[in-house]
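This report concerns only the one structure given below.
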Amino acid sequence: MTTLEVIAPLERPITGLQPDVLPLLEMRDVTKRYGGFVALNKMNFFVGPNEVVGLLGDNGAGKSTLVKMMSGINPPTSGQIYANGKPVHFNCRADSEAAGIETIYQDIALVDSMSITRNIFLGREMTNTWGFMDHDAMTAKAIEILGSAVQISGIDDPNKEVGFLSGGQKQAVAIARAVHFKRNILLLDEPTSALSVRETEHLLAYVRDLKAQGTSSVLVTHNLYHAFQVCDRFVVMSHGTKVYEARKEDTSIEEVTYHVIRT
Amino acid sequence: MATAQSDHIRQAIDLRNSRPRSSKAIDWIRTKPEGGITVLFATVLICVIAAALAFPGFRFLSEANIAVTLKAIAPLGIMALGVGVLMIAGEFDLSVGSLYSFCAIVTATLTAQWGGDVNAEGASAVAPFLAMIVGLAIGTAAGALHAVVTLRFNIPSFITTLGAMLMWRGATLLYHGANSLRYKPSEPFATVFGGSVGVVHASMIWFLLLAVAFYFLLHHHKIGNHFYAVGGNRNAAVAIGINPARTKIIAFAIAGCMAALAGIVAGVRVSSIQPGGGAGLELVAIAACVIGGHALMGGRGSILGIVLGTALMFTIQDVLLLVRAPGFYFEMFVGGLIVIAVIMNMAIRRKS
Ligand SMILES: Nc1ncnc2c1ncn2[C@@H]1O[C@H](COP(=O)(O)OP(=O)(O)OP(=O)(O)O)[C@@H](O)[C@H]1O
Ligand SMILES: [Mg+2]
């Protein structure tokens, strides 16, 4: 006999900060269960206009689960999601795409057996009215896209199979794709795990630029120095709930570090 | 900064494009899954033609032999097109051999019932076509059904279609019995599917037309792109917004439809249908695809590979018939060929 155990935090759950303007995206009391295991427990989270949110926490805290929920590929067991104040249902990727959300997934999400160009335009192929693809236009656009955000050396053929690329090159392709199609919110789940120091700096600078252009971001990272470089607000998760939330000006790197390692 | 990287890529592309044709060809062979089979097929063909020119007794190039080979290829080739597309989408359908027989039997029975037999009084010209549409519809629906069961209950398609294989085989016997069925449709159906242009049999023309259509579907249409994505990395495809269920249902339906068409075309050619005629064909079709460079796990393969894989198997069969080798040699050869083709493909890919 196995007993179903609900892992709940010892302390009273923290509601954290309240949005002061209408958020682009808000999750209220979202819960995600995998069988008896609770990966997200009544989590509250929001992304405001023109801000970069740092999502922090230990391995297995539920960060990627939350990111996938915001990308629509991981519908909540319970709870409600609001886009621009209106309740929405995120049941598949198309739903989040409609809300202008683009994601760089932790596990990259590229098809190894397909070319860089085909990966970039997967699901958003440039086609004529009958659905036939315009390969030349896509290749030309892919070359342009690969030159934005991060410049990874060694990518010199957009028709090369992704399976032949290095880890950093793959991550660069995933970043280029998300960055090109982003509209309102860019979700970055450990986007720099395979990048060199130079390209990491480029990407962080790029996230700051995006904010100036009106695209908000959520940055998941284990590197608090990176988070402090770009984020306006920090959310620390542990065991599927929020354990700490603060604006950059109200906290310090030491305090955030304390909350990340405390649990 | 942004343009620097793009310019670098453009320069590299220009540089590659300005290289001699030979090194481009070598690149193509190395990076494409169908590269290995192209080399293998060309080699075999050159050897056989050289042998035919050297030994007049070896009648490979005789008109009669070419006509017979071109007549025989289409049924398996048409089935392999469907099976190959489904393999690229990451699934199998082991029941296509049974569907081949079932749909052909239904088509032949309806053709006769609706007065489409060539000897019937005032033979109807449209009846064979209508019967064929019913046969194809059954194949398509059966394929879609296999997909729905597989996806709904989240079980391997290998298992679903293993069950379907036995089920359709039983259904054939239930519907018709074990006797062979006469199938002589009236004109113009008989000519459209059983006539010939010179040495080229109508079924071969249909196969080639379908291959071209499938080429555009698979390599140039976005649904083909989705087949590769779902078969190559299902999770990534979902994460990026492709509906895997819809994509796979389409692939299964195509495989079922092609199996039905293959059965009908084969029936027209020999004017009769054996209820057990399709048994084992599913594995031969999978073998043709694997020889043509398809990955068993999905996400890799091409129409050229399917066509050449099928053609290579028939060339070898033909050569063995011409030298009067007993039938079991064919199976031994194909068995060896599957392994050799996969080894070759892996070796070529590793080098690149
Ligand atoms: N599909 C699944 N089925 C069952 N459990 C899952 C599933 N996906 C995630 N989990 C569990 O949910 C918990 C949270 O996982 P998640 O990937 O969100 O962690 P994370 O915070 O992103 O960690 P990391 O920093 O290591 O990426 C983990 O304990 C994980 O084992
Ligand atoms: Mg994670």
Side-chain angles (χ1 to χ4, degrees), chain A residues 68 71-74 92-97 103 105 107-116 118-127 130-135 139-140 142-153 155-164 172 174 176-178 181 202, chain B residues 1-17 27-28 30-33 88 90 215-247 293-295 297-302 349-350 352:
Chain A
K68 286 184 192 155
S71 326
I73 60 172
N74 200 1
C92 66
R93 169 69 189 116
D95 298 335
S96 69
E97 198 172 352
T103 311
Y105 296 95
D107 53 9
I108 312 277
L110 297 174
V111 183
D112 274 358
S113 58
M114 298 175 81
S115 72
I116 295 174
R118 284 188 182 233
N119 265 289
I120 288 178
F121 288 99
L122 199 53
R124 289 180 281 224
E125 295 84 359
M126 294 167 135
T127 61
W130 295 283
F132 288 98
M133 298 181 282
D134 186 343
H135 295 294
T139 304
I143 293 172
E144 227 176 85
I145 292 171
L146 288 170
S148 58
V150 286
Q151 282 90 46
I152 292 276
S153 49
I155 297 183
D156 58 1
D157 183 0
N159 293 320
K160 194 170 179 169
E161 260 183 41
V162 163
F164 293 136
R177 174 175 65 187
F181 289 105
H202 273 152
Chain B
M1 192 66 213
T3 45
Q5 171 85 3
S6 303
D7 288 344
H8 167 74
I9 297 173
R10 281 191 201 101
Q11 273 163 17
I13 291 174
D14 288 343
L15 195 69
R16 270 195 303 279
N17 284 342
D27 252 24
W28 183 84
R30 282 196 171 164
T31 54
K32 298 288 179 186
I88 289 172
Y215 168 79
F216 281 102
L217 182 84
L218 194 61
H219 298 295
H220 292 284
H221 197 275
K222 69 177 178 195
I223 187 70
N225 210 36
H226 296 182
F227 289 155
Y228 280 101
V230 168
N233 184 346
R234 189 181 175 283
N235 291 342
V238 173
I240 228 66
I242 291 171
N243 181 343
R246 183 174 153 269
T247 311
H294 283 236
M297 291 300 141
R300 231 181 258 288
S302 67
R349 295 188 64 77
R350 241 175 256 130
S352 66

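Order of the sequence lines fixes the chain letters, A, B, ..., with proteins taken first and strands second; residue numbering starts at 1 for each chain. What you are looking at is a predicted structure, and each value in this text was computed from that prediction instead of being measured.
Ring centers of A:Phe132 and B:His221: under 6.0 Å apart, within the cut-off.
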**Message:** The test is side chain to side chain contact (heavy atoms under 4.5 Å, CB included); show your working for A:Arg93 and B:Ile242 and say whether it passes.
**Reply:** CA-CA 8 Å; A:Arg93 169 69 189 116; B:Ile242 291 171; over 6 Å; no
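Within the 4.5 Å cutoff, the side chain of B:Arg300 has no heavy atoms near those of the A:Met114 side chain. Residues B:Asn233 and A:Leu110 form no side-chain contact, since every pair of their non-hydrogen atoms from C-beta on lies 4.5 Å or further apart. Looking at heavy atoms from C-beta onward, A:Asp157 lies out of side-chain contact with B:Ile9 at the 4.5 angstrom threshold.
Counting heavy-atom neighbours within 6.0 Å of B:Arg246 CZ, excluding the residue itself, gives a total of 12 or less. No more than 12 heavy-atom neighbours from other residues, nucleotides or ligands sit within 6.0 angstrom of CE on B:Met297.
Note that NE2 of B:His220 and NE2 of A:His135 are 4.5 Å apart. Values are rounded to the nearest 0.5 Å. One finds the CZ atom of B:Arg16 at 8.5 Å from the CG atom of A:Asn159 (value rounded to the nearest 0.5 Å).
Highest contact tally toward chain A, considering only B:Ala237, B:Ala239, B:Gly241, is held by B:Ala239 [criterion: heavy-atom pairs under 4.5 Å]. When the candidates B:Ala12, B:Gly298, B:Gly224, B:Ala295 are compared by the number of heavy-atom contacts under 4.5 Å with chain A, B:Ala12 comes out ahead.
Panel note: side chain A:Asp156, backbone B:Ile13; no donor-acceptor pair is recorded below 3.5 Å.
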Counting only pairs under 3.5 Å, give me each side-chain donor-acceptor contact of residues 225-232 of chain B, with atom names and distances, residues two or more places apart or in other chains.
unit_1   : atom_1 : unit_2   : atom_2 : d
B:Asn225 : OD1    : A:Arg118 : NH1    : 2.8
B:Asn225 : ND2    : A:Glu125 : OE2    : 3.0
B:His226 : NE2    : A:Glu125 : OE1    : 3.4
B:His226 : NE2    : A:Glu125 : OE2    : 2.9
B:Tyr228 : OH     : B:Gly301 : O      : 2.5

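Contact between A:Ala109 and B:Ala236 at its shortest, heavy atoms only, is C-CB, 3.5 Å.
Applying the side-chain hydrogen bond (donor to acceptor under 3.5 Å, both in side chains) rule to A:Ser113 yields no partners; only residues at least two apart in sequence or on another chain are considered.
Using a 4.5 Å cut-off between heavy atoms, B:Arg234 makes no contact with chain A at all. Residue contact with chain B, scored on non-hydrogen atoms closer than 4.5 Å, involves the side chain of A:Thr127 exclusively.
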